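Note that the structure is predicted; figures quoted are calculated from it, not measured.
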Amino acid sequence: VTNLLQILFAGVSAGAVYALVALGFSIIYKATRAINFAQGEFLMVAGIVASVLHSRYGWPLAFACLGAIVLGALMGLVTDLVAVRFLRRPDPLTITVGTVGIAIALKAVVLLRTHGIPYSLPAFSGEKPIHVGGALLERQTVWNISITIVCLVALTLFFSRTRRGVSLRASADDRDTAASYGVSFVGATTWAFALAGALAAVAGVAITPLTLMSYDQGTELGLLGFAAAMVGGLGSMPGAVVGGITVGVAEALVGGYISAPYASASGFVILLLVLFTRPTGLFKAVAVERV
Amino acid sequence: VFSRVPSLARALAPLITTAVVLALLPLFAPTNYDLSVFTGFCINLMLLTGLNLISGYGGQLSLGQAAFFGAGAYTVTIGTLKLGFSPVLCFVMAPLVGAVFAIAVGLPSLRLRGLYFAMATLGVGVIFQLFLDRAINITGGPNGVGIKPLKALGMDFSNPRNVYIGAAVLAWVGVGIATLYVRTRVGWGLRAAHASEPAAAVVGVNTFGVRLVTFAVAGAFAGVAGAVQAFNSLYVSPTTYNFFTSVMLFIVLTIGGLATWAGPLFGAALLLLFDRWLTAYVDKEPLILAAIFVLALRLFPQGVARGADDLRARLAARSSRAAPTFTESA
C-alpha cells in the first residue's frame with residue numbers, strides 16, 4: 001500500500017504539470033480551434049530562463065519565476081503575431097502550422113544557447129519531503145497541485161464570468177457574428193495566446209524543481225499535455241485537469257508495476273485510445289471532425 | 001482540377017524533370033561522401049512523394065511518415081541480423097511491412113479528420129520511436145546497429161555509386177507511380193474526397209477506402225526509403241525516425257507545395273541544400289528552416305511550386321494585357 005501511495009504521489013505530481021499544459025492547449029483551442037504546438041516549448045524556455053535568472057543573475061526565486069511567467073506571456077504574444085497576424089489566414093490549420101514553425105525555432109535557439117545542458121531550480125519551499133501514510137510527498141508536489149487548482153478556478157471564472165472571457169469564446173464559436181457585435185477575432189487570439197504562454201511558463205517553473213529542464217523536454221511535455229487535453233476533451237477546463245492527472249497516474253502505474261522503460265509511452269497509448277474510441281474526450285461533447 | 005483531361009505532356013513533365021535532376025546530380029559529386037548525400041536526396045524524394053499522396057492530394061496531414069520510414073529500415077536490420085533472411089528478401093519486404101503498418105494505423109485513424117488525424121499519426125510515431133529506443137534486444141536500442149552492404153542483381157552496393165544509381169532508379173520509379181496513381185480511379189476519388197467529402201461520397205467514392213489505399217501506398221514508399229537508407233548509411237539508429245523527422249518532412253513538403261508534382265522535388269532539394277552545401281550551418285538548420293517555413297506560408301500559401309505557377313500566369317496576363325484568366329496548376 002505504501003508503494004502504491006508513493007506511485008500515486010509521483011503520478012499526481014507529474015499529472016498536475018500535464019494539467020497546466022493541457023489548460024494552455026484548451027485556452028488556444030477555445031479561442032481559435034487550433035492546436036498550439038509551441039505550448040511545450042514555452043514551458044521549457046520558461047523553466048530554463050527562471051533557472052538562469054535565479055542562479056546566474058541572483059534574482060530571488062519568486063521574482064525569477066515572475067520574470068519567466070512574463071516572458072511566457074511575451075512568447076505567446078510573439079506566437080500570435082506570427083501565426084495569426086503575420087500569416088493573415090486565421091483558420092485553425094494555418095495557425096497550427098504556424099505554431100509548429102515557432103516551436104522548432106524556439107527549440108533550436110535554446111539548443112544553440114545552452115548546448116543541451118540541463119538547468120535546475122530550487123523547490124519553492126525547501127526540499128524536505130512530508131511523510132504521509134508511510135510514503136514521501138515532495139513539498140513541490142503540494143505546490144503544483146495547489147497551483148493547478150488555482151489556475152483551473154481562475155480560468156473557469158475568466159471564461160464564464162468576465163466580458164473578455166465570454167467574448168473569446170464567442171469569437172471562436174462564430175467569428176462573423178461575434179465581429180458584428182464588436183468582438184475582433186484577432187484581438188481575441190492575442191489574449192488567448194498571452195494567457196496560454198503565461199500558463200505554460202507557470203508549468204515550466206513548477207516542474208523544473210522536480211525534474212531539471214533541458215532543451216528537448218518541452219516537446220515531450222507538450223505532447224503529453226496535449227494527450228491530457230484530449231483525454232478530458234479539448235476546450236474543457238475541468239477535463240484538462242482530470243486528463244492531466246489521468247495521464248500522470250497512468251504513467252506512474254505503468255512505470256511502477258508493468259514496465260519502467262515504456263512508462264512514457266502510456267500517455268500516448270491513452271491519447272490513441274481516446275482518439276479512436278471517444279474523440280470528444282471524457283468530458284465535453286464538442287463537434288469532432290470525424291465520419 | 002477536374003475540368004481538364006490530363007494531357008500526355010502534363011503527365012510526362014514530372015518524369016522528365018526528375019530524370020534530368022537525378023542524372024545531373026552526380027556531376028556535383030566529386031567524392032563518395034557527396035554521392036551518399038545525394039542518395040539521401042533520393043530517399044527524401046521517395047518519402048515526400050509518398051507523403052504528398054496522402055497529405056497533399058488526400059489532404060490528410062500525416063505526422064507519422066518517419067514511423068513507416070523506420071519500419072522499412074528496421075525490417076532490413078532485424079531481417080538480416082536477427083532472422084537471417086537474405087538482404088534481397090528483406091529489401092522486398094520493406095515496402096510490404098511499411099504498407100501493412102500503414103493499414104494497421106490507418107484503419108482506426110483515417111476515420112478522423114483534420115488535426116485529429118494528424119495527432120493520431122503523431123501519437124503512433126512517438127510510440128513507435130519509443131519502441132525502437134527501448135526494445136534493446138529486438139532493435140539494438142538507442143546506440144543503433146550496423147549492417148552489411150547489399151549485394152543484388154549482380155551489383156555490389158558497397159560502392160556508393162551503385163547505391164546512388166539504385167536509389168535514383170527507385171526514386172524515379174516512385175515519382176512515376178505517384179504520377180500515374182493520381183490519375184487512376186482511386187487517385188481521382190482521393191482528390192474528390194479532399195475537395196468535398198459529401199460530394200465525393202454522393203458520386204460513389206468510397207472516401208475511407210481510397211484514403212486507406214493511399215495511406216498504404218505512402219507507407220510502402222516510406223518502407224522502400226527506409227531500406228535504401230539502411231543500405232546507404234549501413235547503420236540504423238532510432239533518432240533518424242523520430243517525430244522531428246516527420247515534422248521536417250511535412251514542413252519542406254508544405255514549402256515545396258502540397259498536391260503538386262514539383263512539391264516533393266523542391267522539398268527534397270531544400271533538405272539537400274543543408275546536407276550538402278550548408279553543412280557549416282547544420283546546427284542552425286531547424287531555425288533557418290522554421291524561418292523559411294513561416295515566410296513561405298505567408299508568401300506562397302500554396303507552396304513554391306504553385307507560387308511559381310501563379311507568378312507565371314500573372315506575368316503572362318500582364319504582358320498580353322488581357323483580363324486575368326483562371327489558371328490551373330496540376
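- Looking at B:Leu299, there are no atoms closer than 4.5 Å to chain A (heavy atoms on both sides), in backbone or side chain.
- With hydrogens and angles ignored, the 3.5 Å screen pairs no side-chain donor or acceptor of B:Arg111 with any backbone N or O of A:Phe276.
- With sequence neighbours left out, A:Ser13 forms a side chain to side chain donor-acceptor pair (under 3.5 Å) with A:Thr141.
- B:Met119 places none of its side-chain heavy atoms less than 4.5 Å from the side chain of A:Met230.
- For B:Phe117, no part sits under 4.5 Å from any heavy atom of chain A, backbone or side chain.
- Of the two parts of B:Phe250, only the side chain, counted from C-beta on, holds a non-hydrogen atom closer than 4.5 Å to a non-hydrogen atom of chain A.
- Of the two parts of B:Val294, the backbone and the side chain both hold a non-hydrogen atom closer than 4.5 Å to a non-hydrogen atom of chain A.
- Per-residue counts of heavy-atom pairs under 4.5 Å with chain B were compared for A:Leu271, A:Leu106, A:Val269, A:Val97; the largest is that of A:Val97.
- B:Leu122 touches chain A through its side chain: at least one heavy atom from C-beta onward sits under 4.5 Å away, while N, CA, C and O do not.
- For the pair A:Ile104/B:Ile251, a side-chain contact is recorded, criterion being any heavy-atom separation below 4.5 Å from C-beta on.
- At least one cation-pi condition fails for B:Arg134 and A:Tyr262: the charged atom is not both under 6.0 angstrom from the six-membered ring centre and inside a 45 degree cone around its axis.
- The contact between B:Leu63 and chain A is made entirely by side chain atoms (from C-beta outward), counting heavy-atom distances below 4.5 Å.
- Residues A:Ile35 and B:Tyr116 have side chains not in contact (no heavy-atom distance under 4.5 Å, counting atoms from C-beta outward).
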task = Give the intermediate values and the outcome of side-chain contact (heavy atoms from CB on, under 4.5 Å) for residues A:Ser264 and B:Leu130.
result = CA-CA 8 Å; A:Ser264 46; B:Leu130 269 168; 3.6 Å; yes
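- Atom CZ of residue A:Phe226 and atom CG of residue B:Leu115 lie 8.0 Å apart, to the nearest 0.5 angstrom.
- Between A:Phe86 and B:Leu295 the shortest side-chain heavy-atom distance falls below 4.5 Å.
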